[in-house]
Number of protein chains: 2
Amino acid sequence: MNPTIELLNSHRSIRKFTDEPVAQSTVDTLIKAGQAAATSSFIQACTVIQVSQGERRDALAEMANNQAYVSEAPVFLVFCADMKRHKLACDMHDADMLSGYTEQFLTASMDCALFAQNVIVAAESLGLGGVYIGGLRNKIQDVSDLLELPELVYPVFGMCLGHPDQNPEVKPRLPLDVVLKQDRYDDSQDAERIAAYDGDVREYYKTRTGGNKDMTWSEQISGMLVKEARPHMLPFLNGKGFLKR
Amino acid sequence: MNPTIELLNSHRSIRKFTDEPVAQSTVDTLIKAGQAAATSSFIQACTVIQVSQGERRDALAEMANNQAYVSEAPVFLVFCADMKRHKLACDMHDADMLSGYTEQFLTASMDCALFAQNVIVAAESLGLGGVYIGGLRNKIQDVSDLLELPELVYPVFGMCLGHPDQNPEVKPRLPLDVVLKQDRYDDSQDAERIAAYDGDVREYYKTRTGGNKDMTWSEQISGMLVKEARPHMLPFLNGKGFLKR
């Protein structure tokens, strides 16, 4: 163990921030750390839009399920998968770009995730905290319009950053032997392992909410998966030129 | 700046490793650091298959475009997006799972990317090095068969890890003002910025290869994008129950 691994292990989402601002030079440092992450075949497909303007922020907060911290966080970033830049590169060399492949959607989206994870780790190493905002995808067309995203660019998720004004506990994760398997996929013992883990999660929620939340992991997951999952995503992405083949 | 940010900024892919083994306890530590990353709505959709068996390793190396380091690296991990575990949770509660949504494919894949980025950062903090292996997707059906992956599980990428036996330079990234935009997407100056950056990349390759590789970023990207991008991915993923709606 070392300080970096301890830092990674101490991650929890921060949704409440002090008023203390974050300097633009700090944001730049975080973005550069994001760029340093691996990028699939050097595509560098992540563009970050930092939203500072008050009205745009409020609009985004509303689009993301009325999450007030999207308005309130000192820094709000939208991570976009960007193949428009690739189109530009192709145009510079009179090359006919073949787009719309699922593989390209995946690598561009992955690039954003690796980039963003470096950003949040770097932020936490400076004593900041933050949270990913997948809720932007609830109204992804509106978000895209607001940020004036062209074809071949889509908003993957947002991120709030700032100085923490809360100190939540680290959430317990699945047992190691459920997530790490040797040589082949074998889940023959996962049901009982998950049942045991369910008890840990129930304890965590009870303690954290003073007994108000009584929920296991499998209950939470099963409750979520009986519902539609943002069915507008595929048509939206198709409209942006992604996932067409 | 601090040691963690310096570590992130010093990332480069390592493809050559010494014979020194990596203890299983270290691998476990890395996986736990991976689990500590944020997970979309607590879905914890990443399963890692550690492949140690020689024959399976050699087979994977061949499937990944004959990349010898997939055979040779002391540790090889395959990161899988796993919704089979969610099906299990649903079965535990007699819930009818709605699957196949693009949104679910995205969040499960993102979970793997955030997890994996923590793994590689943790590894590098211990003096190890590594490289993501997207090449597994070249023969993704064969990889899936080899690892006995069931429906609702797919291999996103692999990762080699070990003690570095090479010391490549850090690759220059796009200028900050290309990847970080304020309040809206504005790429009106990107063409000239990329042209300037192209010069940096050309210099980097020339220095690194003793003048043998003469290539800019935009040339490299445009050369890649005139070709098909793993067109088997969508039918494969559909077959696994992903991206159906």
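Computed from a predicted structure; not experimentally measured. Note on naming: letters A, B, ... go to the chains in the order of the sequence lines (proteins, then strands), and numbering restarts at 1 for each one.
- The contact list for residues 233-245 of chain A toward chain B, using heavy atoms and a distance under 4.5 Å, reads A/Met233, A/Leu234, A/Leu237, A/Leu243, A/Arg245 by residue number.
- Both the backbone and the side chain of A/Ser52 come within contact range of chain B, each with at least one heavy atom under 4.5 Å from a heavy atom of that chain.
- A donor-acceptor pair is defined here as one N or O able to donate and one able to accept, closer than 3.5 Å; such a pair exists between the side chain of A/Arg173 and the backbone of B/Ala37.
- Under the 4.5 Å side-chain criterion, counting only non-hydrogen atoms from C-beta, B/Leu180 is in contact with A/Gln50.
- A donor-acceptor pair under 3.5 Å is formed between the side chain of A/Gln35 and the backbone N or O of B/Leu174.
- The shortest distance between side-chain heavy atoms of A/Tyr185 and B/Leu149 falls below 4.5 Å.
- None of A/Asp190, A/Asp187, A/Asp186 except one satisfies the salt bridge (charged side-chain N to carboxylate O under 4.0 Å, His left out) rule with B/Lys84; the exception is A/Asp187.
- Of the possible polar contacts, one joining the B/Asn2 side chain to the A/Ser125 backbone as a donor-acceptor pair under 3.5 Å is found.
- The closest side-chain heavy-atom distance from B/Val226 to A/Leu98 is not below 4.5 Å.
- Taking the side chain as every heavy atom from C-beta outward, A/Trp217 and B/Gln44 approach each other to under 4.5 Å.
- Residue A/Pro172 touches chain B through its backbone alone, counting heavy-atom pairs closer than 4.5 Å.
- Heavy atoms closer than 4.5 Å to chain B are found in both the backbone and the side chain of A/Glu219.
- For a residue to count as touching a neighbouring chain, one of its non-hydrogen atoms must lie under 4.5 Å from one of that chain's; by this rule A/Leu88 touches chain B with the side chain only.
- Here the side chains of A/Leu225 and B/Ser99 are not in contact, with every heavy-atom distance at 4.5 Å or above.
- Contacts of A/Phe42 with chain B are made by both backbone and side-chain atoms, with heavy-atom separations under 4.5 Å.
- Contact annotation for A/Ile120: neither backbone nor side-chain heavy atoms come within less than 4.5 Å of a heavy atom of chain B.
- Taking B/Ser218, B/Pro231, B/Ala122 one by one and counting their heavy-atom pairs under 4.5 Å with chain A, the maximum is reached by B/Ser218.
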